[in-house]
Amino acid sequence: MTELEKIAYAKSYIEKLANGINPLTNQEVPDSDIINNVKISRCLFYVSDLLRQVVENKGISQSKNKSSKVPFQLDYESREKFEYSELPIPISEIERRINALIQPEEMKKLTYKQIADWLMETGFLKLVVKDDGKTVRRPTDQGIDIGISTEERQSLRGPYTVVVYNRSAQQFILDNLDAVIAFIQR
């Protein structure tokens, strides 16, 4: 019997137990039996489903452990493939374009928050409290000098302000990507 056959066999026993059936005699167990306890039954169904996934995937775990992914990195050859926008774009679009250059199933993605936090740490963005009490990021004078600005936009909920990055600011982020990586890994 192969390992997968053993797992499938064990799964069938656990599934019978979860359904209140004695796997050796195929007879229902009395309602008072501990195997009919709701908590135990749910646990057994859960284990049965895990074993089903293992069998269906031929022994390969279906979901990779997030910690098995390597930390974000981007070699210089890949950085040269970054698609700059001539129009100012939000940081989330910069993040999306950077992450398009990696193998996401093998590597943790860079987040826009990590980039923004680095820009705050280095003095290009600051936190501002709006009239409604909400805290938002806005460019500092130093940030404006490298091409970070704000734009008023319209949504279904009304007007809002977005921080955008012109081509020069996009280039600045790519030129300092190693500093961003060092910042997020500390």
Side-chain angles (χ1 to χ4, degrees), residues 37-43 45-47 49-50 53 57 61-186:
N37 180 292
V38 174
K39 290 180 181 179
I40 291 175
S41 181
R42 285 182 187 154
C43 257
F45 278 120
Y46 175 75
V47 172
D49 189 54
L50 288 177
Q53 291 174 24
N57 293 309
S61 176
Q62 187 176 19
S63 61
K64 287 188 175 181
N65 186 347
K66 282 188 174 185
S67 64
S68 68
K69 291 186 176 187
V70 297
F72 176 83
Q73 58 192 0
L74 192 63
D75 60 43
Y76 291 101
E77 187 177 310
S78 296
R79 293 176 197 196
E80 291 174 2
K81 297 175 186 170
F82 181 83
E83 294 181 31
Y84 292 95
S85 172
E86 294 305 321
L87 297 174
I89 57 176
I91 199 165
S92 58
E93 180 60 20
I94 295 170
E95 168 232 334
R96 189 193 66 72
R97 292 178 185 205
I98 290 171
N99 285 328
L101 302 172
I102 67 168
Q103 299 298 321
E105 63 277 353
E106 299 166 3
M107 183 181 302
K108 292 180 182 176
K109 290 184 175 184
L110 183 66
T111 67
Y112 76 86
K113 184 180 181 325
Q114 292 168 326
I115 301 169
D117 287 349
W118 176 79
L119 288 166
M120 286 185 51
E121 174 93 3
T122 53
F124 296 98
L125 289 177
K126 63 183 177 184
L127 289 178
V128 174
V129 179
K130 296 185 344 180
D131 294 338
D132 62 4
K134 292 184 180 177
T135 306
V136 294
R137 292 183 178 96
R138 293 293 181 252
T140 61
D141 290 340
Q142 189 179 355
I144 292 168
D145 290 343
I146 65 162
I148 304 174
S149 61
T150 58
E151 283 183 5
E152 295 298 317
R153 296 195 178 170
Q154 190 69 30
S155 75
L156 294 175
R157 295 182 184 168
Y160 67 99
T161 304
V162 64
V163 177
V164 291
Y165 300 75
N166 70 12
R167 181 166 167 66
S168 174
Q170 295 166 46
Q171 183 72 56
F172 179 81
I173 291 170
L174 265 288
D175 288 347
N176 289 280
L177 199 53
D178 288 331
V180 175
I181 293 168
F183 172 78
I184 63 177
Q185 292 178 349
R186 60 178 184 165

For Glu152, enumerate each residue passing the side chain to side chain donor-acceptor pair (under 3.5 Å) test, keeping only those at least two apart in sequence or located in another chain. Thr161

Kindly indicate whether the side chain of Leu119, heavy atoms from C-beta on, has any atom under 4.5 Å from the side chain of Ile173. yes

Is there a side-chain contact between Tyr165 and Ile115, using heavy atoms and a 4.5 Å cut-off? no

Contacts of type salt bridge (charged side-chain N to carboxylate O under 4.0 Å, His left out), residue [X], not counting sequence neighbours:
| X | answer |
| --- | --- |
| Glu86 | Arg167 |
| Glu93 | Arg96, Arg97 |
| Asp178 | Arg79 |
| Arg138 | none |

Smallest separation among heavy atoms of [X] and [Y], with atom names:
| X | Y | value |
| --- | --- | --- |
| Pro139 | Ile144 | CB-CG1, 4.0 Å |
| Pro90 | Val164 | N-CG1, 4.1 Å |
| Gly123 | Thr140 | O-OG1, 2.6 Å |
| Ser78 | Leu101 | O-CD1, 3.3 Å |
| Leu87 | Ser85 | O-OG, 2.7 Å |

Just how far is it from atom [atom1] of [X] to atom [atom2] of [Y], taken to the nearest 0.5 Å?
| X | Y | atom1 | atom2 | answer |
| --- | --- | --- | --- | --- |
| Gln185 | Lys108 | CD | NZ | 9.0 Å |
| Met107 | Leu74 | CE | CG | 7.5 Å |
| Gln170 | Ile91 | CD | CD1 | 10.5 Å |
| Tyr160 | Glu151 | OH | CD | 9.0 Å |

Heavy atoms from other residues, nucleotides or ligands near [atom1] of [X] exceed 12 (cutoff 6.0 Å):
| X | atom1 | answer |
| --- | --- | --- |
| Asp141 | CG | no |
| Gln154 | CD | yes |
| Phe45 | CZ | yes |
| Glu83 | CD | no |

Pairs meeting criterion side-chain hydrogen bond (donor to acceptor under 3.5 Å, both in side chains) with involvement of residues 122-135, two or more places apart: none

Under the side-chain contact (heavy atoms from CB on, under 4.5 Å) test, which residues partner [X], sequence neighbours left out?
| X | result |
| --- | --- |
| Asn99 | Phe72, Glu95, Ile102, Lys109, Leu110 |
| Asp49 | Arg52, Gln53 |
| Ile40 | Ile34, Ile35, Asn37, Leu44 |
| Met120 | Leu125, Leu127, Arg137 |

Mind checking what makes ring pair (Phe, Tyr, Trp, His ring centres under 6.0 Å) contact with Phe124, not counting sequence neighbours? Phe172

Tell me every residue that passes ring pair (Phe, Tyr, Trp, His ring centres under 6.0 Å) with Tyr84, counting only those two or more places apart in sequence or in another chain. Phe82

